[in-house]
Amino acid sequence: MANSKYEYVKVDYEVNDEVMFPNFIVVNLHCCNSTTFYEFEQPNDERAVNLMNACATAVLKEYPDIVFAYGFGDEYSFVFSKETRFYQRRASKILSLVVSCFSSNYVRSWKDYFPGLDLAGVPVFKSRVLCCANVEVVQTYLAWRQRECHAGNQYNTCLWNLVKGGKTEVEAREVLKGSGKQDKNEMLFQQFGINYKSINRMFRQGSCVVKTEIEAIVKHRDGVPVKRLRKDVIVEHHESIASRSFWNKHSCVVKEIGEFREDINKIKPEFVKSFEFENKLMPSTWIVVRIDGCHFHKFSEMHEFEKPNDEQALNLMNSCAVAVLREFSDIVFAYGVSDEYSFVLKKDSQLYQRRGSHIVSAIVSLFSAAYILEWMLFFPNKELKYIPSFDGRAVCYPSSKILQDYLAWRQVDCHINNQYNTCFWELVKSGRSKREAQKYLKGTQTNEKYELLAQKFNIEYNKLPNMFRRGSSVFREEKDTVNTIGETQKRVVIKHCNIIDSCFWEANPNILNEEPL
Ligand SMILES: Nc1nc2c(ncn2[C@@H]2O[C@H](COP(=O)(O)OP(=O)(O)OP(=O)(O)O)[C@@H](O)[C@H]2O)c(=O)[nH]1
Ligand SMILES: [Mg+2]
Ligand SMILES: [Mg+2]
């Protein structure tokens with residue numbers, strides 16, 4: 001990233017969230033709006049569980065450092081190898097990349113599991129990182145999640161049978177209040193003729209996705225097959241995933257995570273307390289969530305984006321940002337350039353009680369899913385060759401002055417990169433090699449680049465499209481408009497203005513809702 005006087009906003013305010021050795025990294029995610037996009041069968045929808053398993057499988061295939069995953073209902077947990085150095089073990093990078101990959105796969109594969117049935121909205125997943133001090137803690141965590149799977153499934157099976165039998169959901173919950181495991185089993189058997197054990201084990205036990213090694217024939221030499229161990233990912237079910245007998249038979253898992261020495265009889269409450277603990281972001285500060293496309297250099301090459309700027313690719317990014325602003329009313333402003341977007345949450349936002357992981361993951365998840373869902377609208381003649389991922393981080397800024405400096409930093413970066421890239425690609429188009437173009441531009445100042453473009457290529461830089469030179473700002477207009485269902489709303493607009501000058505903030509005091517400085 002380019003140097004500028006605004007760079008202090010990164011150096012001084014971004015915090016280190018590295019998960020230190022020897023902690024294990026576990027990412028947990030769950031869907032936080034499943035009732036809004038489809039009416040699933042209750043208490044379990046087999047298609048939905050299979051889709052969740054397919055997404056978890058895709059995540060393990062994408063990120064080989066994840067060795068084991070366990071999921072049920074609308075949640076999944078991913079356990080990384082003990083030696084992982086994935087993204088320098090930075091928690092927000094890790095939780096966002098996992099949730100991005102999962103969400104994108106979810107919307108992309110939806111039609112395979114729900115053929116002919118449309119999503120009524122965009123699914124949003126929230127994720128977080130849990131640090132487990134040693135392998136026993138990982139074991140306890142998995143035992144805890146499977147206990148929750150069992151208890152939840154038993155409860156829901158009773159609940160929905162009571163509802164099917166004519167009770168309202170509230171009445172059914174009342175009936176179940178205070179009932180124990182045994183009571184529920186009996187209720188199912190006696191009232192509904194259901195032997196709990198006969199219910200699909202995938203619902204009762206959840207699903208494991210396990211990295212494994214299989215012997216595969218890679219070639220033939222003199223007619224003799226040559227075999228190699230190849231990594232693969234399999235889905236399994238077991239009644240006790242935290243038992244030694246299940247865990248220790250998986251050689252990859254034992255090698256990369258560690259063996260379980262003893263079976264667990266009791267889940268210690270203080271461990272559960274630590275699993276449930278979540279950090280919150282500093283109150284009364286502006287929260288900025290910056291997301292960035294992962295390896296977009298390759299992604300844009302593979303999809304033949306126009307150089308240096310692809311108008312449709314940028315329009316797609318902007319449209320995803322609009323979807324994020326529509327979903328989260330606490331986001332007051334967003335600024336995007338290239339493959340990145342920064343979202344600003346108002347100072348007094350209480351979104352997810354200011355839990356940083358949830359805020360970052362929900363935004364990344366929605367943005368990633370929207371990118372897949374809207375791809376065809378912006379590239380009707382271009383197939384999406386593979387699924388892109390976005391990472392994200394949250395940074396708190398204590399004053400609007402520093403927040404404005406943050407946004408200025410991003411816009412200065414946009415300007416510097418765009419000017420450089422415009423020169424670079426003009427030089428390449430005119431016949432120079434990429435290396436020659438790079439050498440030519442090394443150490444050149446802004447003015448020299450203006451001149452180069454004007455004199456050599458007859459391009460007046462300031463006449464290039466605003467979106468390329470200034471990036472895109474997304475915010476709500478001050479005046480209310482009435483939407484299609486008669487609600488008054490503030491319209492979300494995309495503008496390409498100068499946000500470095502204080503004039504913009506003075507002209508739009510409603511955005512930060514503060515007196516201009
Ligand atoms: N051709 C083209 N490329 C683009 C466009 N927007 C973004 N890119 C590419 O995306 C890259 C974004 O830069 P970075 O985010 O620093 O790099 P990255 O490859 O995504 O790598 P990481 O973010 O570190 O994973 C640019 O260097 C371009 O190669 C576009 O409109 N057209
Ligand atoms: Mg990137
Ligand atoms: Mg970038």
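Sequential numbering from 1 along the given sequence is applied to the chain's residues. In each ligand, atom 1 is the first atom listed, and ligand 1 is the first ligand listed.
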With a distance cut-off below 6.0 Å to the six-membered ring centre and an angular limit of 45° from the axis, does [X] pair with [Y] as a cation-pi contact?
X	Y	result
K126	Y352	yes
R89	F21	yes
K298	Y386	yes

May I ask you to identify the nearest protein heavy atom to [atom], giving residue, atom name and distance to one decimal place in Å?
atom	value
atom 6 (N) of ligand 1	S338 OG, 3.7 Å
atom 29 (O) of ligand 1	H297 ND1, 2.9 Å
atom 2 (C) of ligand 1	E306 O, 3.5 Å
atom 15 (O) of ligand 1	D339 OD2, 2.9 Å

Heavy-atom protein contact below 4.0 Å for atom 8 (N) of ligand 1: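 Protein heavy atoms within 4.0 Å of atom 8 (N) of ligand 1 - there is at least one.
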Per-atom contact, atom 23 (O) of ligand 1, protein heavy atoms, under 4.0 angstrom: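 It does; a protein heavy atom is within 4.0 Å.
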Is there an N/O/S atom in D292 at a distance below 2.8 Å from the Mg ion (ligand 3)?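 Yes, within the cut-off.
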Ligand 1 N/O within reach of [X] N/O, cut-off under 3.5 Å:
X	value
P308	yes
D310	yes
F296	yes
G293	yes
D292	yes

Could you tell me, atom by atom, which parts of ligand 1 come under 4.0 Å of a heavy atom of [X]?
X	result
C294	25 (O)
F305	1 (N), 2 (C), 32 (N)
N309	31 (O)

Does any part of the side chain of Y70, heavy atoms only, come nearer than 4.5 Å to the side chain of F78, both counted from C-beta?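 No, their side chains stay 4.5 Å or more apart.
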Check: E256 and K211 side chains under 4.5 Å, non-hydrogen atoms: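 Side chain of K211 against side chain of E256, heavy atoms only: contact under 4.5 Å found.
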Test salt bridge (Lys or Arg N to Asp or Glu O under 4.0 Å) applied to R432 and E426, step by step: CA-CA 9 Å; R432 284 177 207 256; E426 284 302 326; over 6 Å; no
So does D391 have any N/O/S atom less than 2.8 Å away from the Mg ion (ligand 2)?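 Here the distance criterion (N, O or S atom, under 2.8 Å) is not met by D391, so no.
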Would you say G293 reaches the Mg ion (ligand 2) with an N/O/S atom under 2.8 Å?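 It does; at least one qualifying atom falls short of 2.8 Å.
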Using a heavy-atom cut-off of under 4.0 Å, does the side chain or the backbone of S300 touch ligand 1, or both, or neither?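 It is the side chain that touches ligand 1; the backbone stays farther off.
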Out of the candidates V122, N105, L384, only one should pair with I372 under the side-chain contact (heavy atoms from CB on, under 4.5 Å) rule; please name it.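 The single option meeting the side-chain contact (heavy atoms from CB on, under 4.5 Å) with I372 is L384.
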Reference residue K93; test salt bridge (charged side-chain N to carboxylate O under 4.0 Å, His left out); the match among D292, D391, D17: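 Single salt bridge (charged side-chain N to carboxylate O under 4.0 Å, His left out) partner of K93 among D292, D391, D17: D391.
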Judged on heavy-atom distance to atom 25 (O) of ligand 1, which of K307, H295, E340 sits nearest?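 When every heavy atom of K307, H295, E340 is considered, H295 comes closest to atom 25 (O) of ligand 1.
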Restricting to N/O/S, name the atom of D339 that gets closest to the Mg ion (ligand 3).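 Sorting the N, O and S atoms of D339 by distance to the Mg ion (ligand 3) puts OD1 first.
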Between F390 and Y371, is the ring centre distance below 6.0 Å?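 Here the rings of Y371 and F390 have centres that are less than 6.0 Å from each other.
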[X]/[Y] ion pair, N-O < 4.0 Å:
X	Y	result
E278	R355	yes
E451	K456	no
R90	E18	no

